[in-house]
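Predicted, not measured: the structure shown is a model, and the values here were computed from it. Numbers for residues simply follow the sequence, beginning at 1.
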Amino acid sequence: MTPMLNLLFVGLALYRLKQLKALYALPSFNSKTAVYWIKLSLASAIALAAIFELLFTAAKLPLSGIVNVFTASLIIQSAAYLVAIRLHCYEQTRARKPSDILLLYWLTTIVVSLVVLRTDLSAKHAPLAAYPAVRAARYAMLLSTTALFCAELWPRKSTEYVLAEDGDSDVASVSRFGLRAPVEDANIFSQLTFSWISPLLKLGQHKQISEDDLWEVPSNIAPVNIAETFDANWQYEIDRSEKRAPSLARALWKT
C-alpha cells in the first residue's frame, strides 16, 4: 500500500507543480513567513528520517529478495518526501489555500505510520523495529508528519496571497481583494464539512443578514465568466460544423 500511495502522490504532486509554476510568485518578504520555514523544516526532517531508515536498512539487513522489495519501498518513500518539500515551497508562495494534495497525503501517511508502529510493537519477529535507531526514526517521522499536517491546515492571510490567483492578472486580483468567497480559500476538509460558512452563520445569530454581509460569487461560477466560457465553447462547435454537427450538450458539458 505504501509504495502505491507514494507513487500516486509523486504523480499528482508533479502535475500540481506544473500548474503552480504558471502562477505569480509572491515576494519573499510576503510569502516566506514563519509558517513557511516551519513547514520546510518539518518536511526536511521527515525526508532525512526516511533516508536514514533507508541507509540503515541497506547496511544492516542481508540483500534477500524480501529486503530488496522493502528497500525499493523505502527509496520510493524517500523520493516522495523530497518531492513534498518542493511542493510545499510552491504551494506556500503561489497558492491561496492549503494544499489538498498535501493534506490528504500527510493524513494518509499518519494513518499508515500508526499501523506500521503498532505492527512493530506487536510482532514477535520485526528485525528492523528491533533496532532503537530505526524505531526512533519512525517515531520522529510520525511526530513530524503530524505537526506538518497541522501546519498545512493553518489558514493563510489573504493579504499575502492577493496576487496568486489562478488565471488572474495583478490588477484583477487586487480589484477583488477582500471580496473573495471563503469557499475559494477553504481547505478540502472545510469544504467537505461546510465549516467555511460558519462565520456567516455566527453573524446571523446577532443580526439580520443583509447584502452587504455577503461576499462575491466565486469567479469560477460567476454568471459573466460562465457566459463567456459557454460562448467560446459554442463558437468552437460552430467553427467545426463542417466536420461534425454542432452540439449544444457538448458545449454545455465543456462549460
Side-chain angles (χ1 to χ4, degrees), residues 7-27 30-31 83-84 86-105 152 155-201 209-255:
L7 288 174
L8 176 62
F9 167 73
V10 170
L12 293 175
L14 292 177
Y15 177 76
R16 178 58 177 165
L17 283 171
K18 183 179 179 181
Q19 291 181 321
L20 291 172
K21 288 180 180 178
L23 304 183
Y24 293 102
L26 293 175
N30 265 346
S31 59
V83 172
R86 189 66 172 171
L87 184 57
H88 271 292
C89 292
Y90 275 86
E91 288 283 3
Q92 186 69 21
T93 58
R94 304 195 181 200
R96 287 180 180 268
K97 66 175 187 176
S99 171
D100 295 340
I101 296 175
L102 287 170
L103 284 173
L104 292 175
Y105 177 65
E152 186 63 27
R156 301 173 184 179
K157 296 180 180 179
S158 58
T159 53
E160 295 179 356
Y161 295 87
V162 69
L163 300 181
E165 183 171 354
D166 297 6
D168 267 359
S169 65
D170 297 30
V171 176
S173 292
V174 173
S175 66
R176 288 206 308 275
F177 168 65
L179 299 177
R180 285 171 57 85
V183 66
E184 294 187 81
D185 300 328
N187 62 58
I188 186 171
F189 303 113
S190 180
Q191 292 180 16
L192 290 174
T193 59
F194 295 96
S195 61
W196 56 269
I197 204 173
S198 296
L200 183 63
L201 297 179
I209 298 295
S210 65
E211 185 177 353
D212 294 334
D213 299 317
L214 303 179
W215 44 77
E216 292 281 343
V217 177
S219 58
N220 62 324
I221 60 173
V224 174
N225 295 336
I226 292 179
E228 292 178 356
T229 304
F230 172 75
D231 287 341
N233 291 334
W234 180 242
Q235 186 61 47
Y236 178 79
E237 292 292 326
I238 294 176
D239 294 341
R240 294 178 59 87
S241 58
E242 296 181 358
K243 298 182 179 180
R244 65 184 184 186
S247 172
L248 178 61
R250 190 161 44 237
L252 289 172
W253 176 260
K254 292 180 180 178
T255 303

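Here the shortest heavy-atom pairing between Asp185 and Pro98 reads O-CD, 3.9 Å. The minimum heavy-atom distance linking Leu23 with Arg94 is given by the pair O-NH1, 3.2 Å. The minimum heavy-atom distance between Arg250 and Ala245, with the atom names listed, is NH2-O, 3.4 Å.
Under the side-chain hydrogen bond (donor to acceptor under 3.5 Å, both in side chains) criterion, Gln191 pairs with no residue at all, not counting sequence neighbours. The side-chain contact (heavy atoms from CB on, under 4.5 Å) search around Tyr15 returns Gln19, not counting sequence neighbours. Judged as a salt bridge (charged side-chain N to carboxylate O under 4.0 Å, His left out), and not counting sequence neighbours, Arg86 has no contacts. Taking the side-chain contact (heavy atoms from CB on, under 4.5 Å) definition, one finds that Ser198 meets it with Ser195, sequence neighbours left out. Residues forming a side-chain contact (heavy atoms from CB on, under 4.5 Å) with Leu7 (at least two apart in sequence, or on another chain): Ile76.
Within the model, atoms CD of Glu91 and CZ of Arg16 stand 4.5 Å from one another, a figure rounded to the nearest 0.5 Å. Of the inter-residue distances, the one linking Leu12 atom CG with Ser99 atom OG reads 10.0 Å to the nearest 0.5 angstrom. Note: Gln92 CD to Leu20 CG = 11.5 Å, rounded to the nearest 0.5 Å.
Between Tyr105 and Leu87, every side-chain heavy-atom pair lies at or beyond the 4.5 Å cut-off. Looking at Trp234 and Leu252, their side chains never come closer than 4.5 Å, going by heavy atoms from C-beta outward.
A salt bridge links Arg244 with Glu237: at least one charged nitrogen is closer than 4.0 Å to a carboxylate oxygen.
For residues 222-233, the set of pairs meeting the side chain to side chain donor-acceptor pair (under 3.5 Å) definition, not counting sequence neighbours, comprises Asn233-Thr255.
Here the side chain of Asp100 pairs a donor or acceptor atom with the backbone of Ile188 at under 3.5 angstrom.
Using cut-offs of 30° and 60° for the angle between ring planes, the Trp196 and Phe194 rings count as tilted.
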